[in-house]
Engineer: 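Structure incoming, see below.
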Amino acid sequence: MSTLSAPDELALFRRGAVDLVEERDLAARLAKARAERRPLRVKFGMDPSSPDLHVGHAVQLMKLRALQQAGHQIVLIVGDATAMVGDPSGRNKLRPQLSRADVEANLVTYTSQAGKVLDMTRTEVHKNSEWFDRMRFEDVLKLASKATVARMLERDTFEKRMAASEPIGVHEFLYPLMQGWDSVMIRADVELGGTDQLFNLLVGRDLQEKEAQPPQLCMTLPLINGLDGRKMSKSYGNAIAFTDSAVDMFGKVMSLSDDVMRAWFELLTAVPAAELDALLAGHPREAKARLGEELASFFHGRDAGRAAREGFDRQFRDKELPTDIPSIVYGKPWPVEGLALAVLLREIGLCASSSEARRLIEGGGVKLDGAVVADVNARVPSPAGELLLQAGKRKFARVRAG
RNA sequence: GGGGAGAUACCAAAGCGGCCAACUGGGCCAGACUGUAAAUCUGGUGGCUUAUGCCUUCGGCGGUUCGAAUCCGCCUCUCCCCA
């Protein structure tokens, strides 16, 4: 079924994987599938409560893409039922229950974003409410009885939360079981996840064995940290999202730390090893720019990727103004005595509040027509033509009176 | 079921009657230096049409007081110990 030679296929599975349980079973499993002329079913779960994908997800998706291209069957599980529990992977807040409509909407968003990486026409998608909604309480108890409390407490996040005296809801123990049950229901051969998912993936193995299925192989891939070094997450504001513009993607990549370059290249691009070594031996800025261009190009096309790089160089390396400064017409009447700069900054959206604008002005971060304005109470007379405003390094606007 | 401790800004954590828009650290924003990297240094990190001024904030609701994040009552939530 696979389009690759057996050794190549094995290597493809192994590449980049942190854990591969049980690795020694992989070759046999692949050979069997090959003999039966069927693809392996490769499972990946997603959480529908935050449908916007970022490059952290891309690590997994890129792997799925490669496996898909090698002829395997990708199965995406939308965890709408599990979302009601909330993955106990660190945070202790329960998630609000999503309405059916929300789930449907998020599902559409998700699959269309995943479609930027995967061929969705060849991808199977299931919501796990498909089987969990049909369960009776008796079934739930039966499922719950398949794991022990001690086993659950092995999970490092539970352990940490216990140690930190944080509350743990009993229902949270069900999360790994639910995720594992998904594997049973779709008869997964392989499940992919981040390194933080290892426990959940292993529970799937256990459950499959108890259900007399061949236990899935569990593959974990490294988690990519966000721009600030913490786990990448939209709620931390440190993510590069699939929906970010090419310009944003490039800019965000340029602010990455040097020492994550190799990992990002290996996990997110197809740059060959030899070329990568050469790149990393050179100036880090060059390597970073290449990474930014690769990423922006992947999601937005070659032209957009190149344009993003050129625009960035122009603005930050050559200190020229960006080419796409928005022109804003200030619609309200312009006071004769002049408009307070802080208020103007807020009104045109360069700052969130006038207090924030004042702080920025005091900190020397605001330029009017190219000159720093340090007076908090500065007033701006009604301009004859256009004013050029800059707030911080990257926010620009041209303003004219309405 | 019994006993004890606690809930403070994005996170952690001080404050325990006025000097509190609230110490400190992390994060974040801005400035200097740079490669929009790291490290380092500096300032900032509730809001307000213009401020040694006003308004809102310390789990919730009430109360005491000239004055409460700080004291009292009830409520909600959490943790620990014992059973």
Side-chain angles (χ1 to χ4, degrees), chain A residues 90-94 158 160-170 172 225-240 244 247-265 279-280 282-293 296 308-322 330 332-348 350-367 371-382 389-396:
Chain A
R91 280 168 258 179
N92 61 4
K93 300 241 166 29
L94 299 185
F158 282 136
K160 278 182 199 140
R161 284 169 60 190
M162 288 291 278
S165 293
E166 279 169 16
I168 298 173
V170 171
E172 293 185 66
N225 286 331
L227 306 176
D228 56 3
R230 291 186 293 170
K231 179 184 174 183
M232 184 176 288
S233 160
K234 216 178 102 193
S235 53
Y236 288 152
N238 64 0
I240 298 177
D244 280 349
V247 170
D248 283 348
M249 280 188 181
F250 191 90
K252 286 178 178 181
V253 168
M254 289 307 280
S255 74
L256 283 172
S257 177
D258 286 357
D259 42 301
V260 303
M261 277 307 99
R262 178 173 289 277
W264 280 58
F265 266 109
L279 259 177
L280 293 175
H283 195 294
R285 188 187 189 280
E286 188 53 36
K288 213 172 283 183
R290 173 68 186 280
L291 176 64
E293 194 177 335
R309 177 174 186 160
E310 282 163 7
F312 184 92
D313 283 348
R314 206 178 314 113
Q315 184 177 345
F316 295 105
R317 190 189 58 196
D318 309 332
K319 311 283 186 211
E320 287 171 26
L321 291 173
Y330 184 75
K332 298 181 186 171
W334 203 291
V336 265
E337 71 276 18
L339 186 59
L341 179 57
V343 173
L344 177 60
L345 287 168
R346 187 198 55 200
E347 293 284 337
I348 61 176
L350 251 42
C351 294
S353 71
S354 62
S355 296
E356 183 188 306
R358 291 174 145 264
R359 279 182 231 120
L360 199 59
I361 295 168
E362 283 177 327
V366 174
K367 285 185 188 172
V372 173
V373 180
D375 176 12
V376 202
N377 292 319
R379 295 178 157 282
V380 183
S382 179
L389 275 169
Q390 180 178 359
K393 267 186 281 237
R394 56 205 101 171
K395 288 189 282 187
F396 294 84

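None of the values given here were measured: they were computed from a predicted structure.
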Engineer: For atom P, what is the distance between B:rU34 and B:rU24, given to the nearest Å?
Structural biologist: 30 Å
Engineer: Distance between the P atoms of B:rA14 and B:rA7, in whole angstroms?
Structural biologist: 8 Å
Engineer: Can you tell me the base-pairing partner of B:rU78? Count Watson-Crick or G-U wobble geometry only, both distances below 3.5 Å, and say none if there is no partner.
Structural biologist: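 Pair assignment: B:rU78 / B:rA5.
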Engineer: Is the closest basic N to carboxylate O distance between A:Arg285 and A:Asp313 below 4.0 Å?
Structural biologist: yes
Engineer: So if I apply the side-chain contact (heavy atoms from CB on, under 4.5 Å) rule between A:Cys351 and each of A:Leu360, A:Leu344, A:Val366, A:Val343, which one comes out positive?
Structural biologist: A:Leu360
Engineer: On a whole-Å scale, what distance lies between the P atoms belonging to B:rA5 and B:rC74?
Structural biologist: 15 Å
Engineer: Just how far, in rounded Å, is C1' of B:rG46 from CZ of A:Arg358?
Structural biologist: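 One finds 14 Å between C1' of B:rG46 and CZ of A:Arg358, rounded.
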Engineer: Hey, which of these two, A:Gln390 or A:Phe316, hits RNA chain B nearer its 5' end, going by closest nucleotide?
Structural biologist: A:Gln390
Engineer: Between B:rG73 and B:rC66, how far apart are the C1' atoms? Round to whole Å, please.
Structural biologist: 23 Å
Engineer: Hey, are the side chains of A:Leu341 and A:Asp375 touching, using non-hydrogen atoms and a 4.5 Å cut-off?
Structural biologist: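 A side-chain contact is absent here, since even the closest heavy-atom pair is not under 4.5 Å.
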Engineer: Taking CG from A:Leu345 and C1' from B:rA30, how many angstroms apart are they, rounded to a whole number?
Structural biologist: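 Computing the A:Leu345:CG to B:rA30:C1' distance gives 13 Å.
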Engineer: Using a 4.0 Å heavy-atom cut-off, does A:Gly392 contact any base of the nucleic acid, only the sugar-phosphate backbone, or nothing at all?
Structural biologist: sugar-phosphate
Engineer: Measure the distance from NZ on A:Lys288 to C1' on B:rA38 and round it to the nearest whole Å.
Structural biologist: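 Those two atoms, NZ and C1', are 8 Å apart.
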Engineer: Please determine whether the number of non-hydrogen atoms from other residues, nucleotides or ligands lying under 6.0 Å from atom NZ of A:Lys367 exceeds 12.
Structural biologist: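 No, NZ of A:Lys367 has 12 or fewer neighbouring heavy atoms, counting only those of other groups under 6.0 Å.
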Engineer: Are A:Glu286 and A:Arg317 ion-paired here, with the side-chain N under 4.0 Å from a carboxylate O?
Structural biologist: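 So A:Glu286 does not pair with A:Arg317 through a salt bridge.
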Engineer: Can you tell me the Watson-Crick or wobble partner of B:rA51, both distances under 3.5 angstrom?
Structural biologist: none
Engineer: For B:rC20, which nucleotide is its Watson-Crick or G-U wobble mate, given both distances must be under 3.5 Å?
Structural biologist: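 Looking at the geometry, B:rC20 pairs with no nucleotide.
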Engineer: Only pairs with both distances under 3.5 Å count, Watson-Crick or wobble alike; so what is the partner of B:rU70 in this structure?
Structural biologist: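 Paired with B:rU70, as far as the under-3.5 Å criterion goes, is no nucleotide at all.
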Engineer: Apply side-chain contact (heavy atoms from CB on, under 4.5 Å) to residues A:Val380 and A:Val373 and explain how you reach the verdict.
Structural biologist: CA-CA 11 Å; A:Val380 183; A:Val373 180; over 6 Å; no
Engineer: Taking the minimum atom-to-atom distance to the side chain of A:Asp258, which one of B:rC79, B:rG35, B:rC48 wins?
Structural biologist: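 For A:Asp258, the side-chain atoms sit closest to B:rG35.
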Engineer: Say we look at B:rG25 and B:rU45: how far apart would their P atoms be, to the nearest angstrom?
Structural biologist: 14 Å
Engineer: Between B:rA30, B:rG44, B:rG35, which one does the side chain of A:Arg359 approach most closely?
Structural biologist: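 Per side-chain heavy atoms of A:Arg359, the pick is B:rG44.
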Engineer: Considering every strand and a 4.0 Å limit on heavy-atom distances, what is the contact class for A:Glu337: base, sugar-phosphate, or nothing?
Structural biologist: base
Engineer: Over all strands shown, is A:Ser355 touching base, sugar-phosphate only, or nothing at heavy-atom distances under 4.0 angstrom?
Structural biologist: base
Engineer: Under a 3.5 Å cut-off for both contacts, is B:rA13 paired Watson-Crick or G-U wobble with anything, and if yes, with which nucleotide?
Structural biologist: none
Engineer: Specify the separation, in whole Å, of atom CG of A:Leu256 and atom P of B:rA37.
Structural biologist: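 These atoms are roughly 11 Å apart.
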Engineer: Could you measure between the two C1' atoms, the one in B:rG3 and the one in B:rC72, and give it in whole Å?
Structural biologist: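 Rounded to whole Å, the distance is 23 Å.
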Engineer: Specify the separation, in whole Å, of atom CE of A:Met261 and atom C1' of B:rG35.
Structural biologist: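 For the pair A:Met261 CE and B:rG35 C1', the rounded distance is 12 Å.
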Engineer: Nearest nucleotide by nearest heavy atom, which residue falls closer to the 5' end of RNA chain B, A:Glu362 or A:His283?
Structural biologist: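 This one resolves to A:His283.
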Engineer: Sticking with atom P, work out how far B:rC20 lies from B:rG35, rounded to a whole angstrom.
Structural biologist: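 Those two atoms are separated by 43 Å.
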Engineer: Considering every strand shown, what is the Watson-Crick or G-U wobble mate of B:rU56 when both distances are under 3.5 Å?
Structural biologist: none
Engineer: Suppose we define a pair by two distances each less than 3.5 Å, Watson-Crick or G-U wobble; what does B:rG43 pair with here?
Structural biologist: B:rC29
Engineer: Can you tell me, in whole Å, how much space there is between the P of B:rG53 and that of B:rA22?
Structural biologist: 13 Å
Engineer: Using whole Å, report how far CG of A:Asn377 lies from P of B:rC48.
Structural biologist: 14 Å
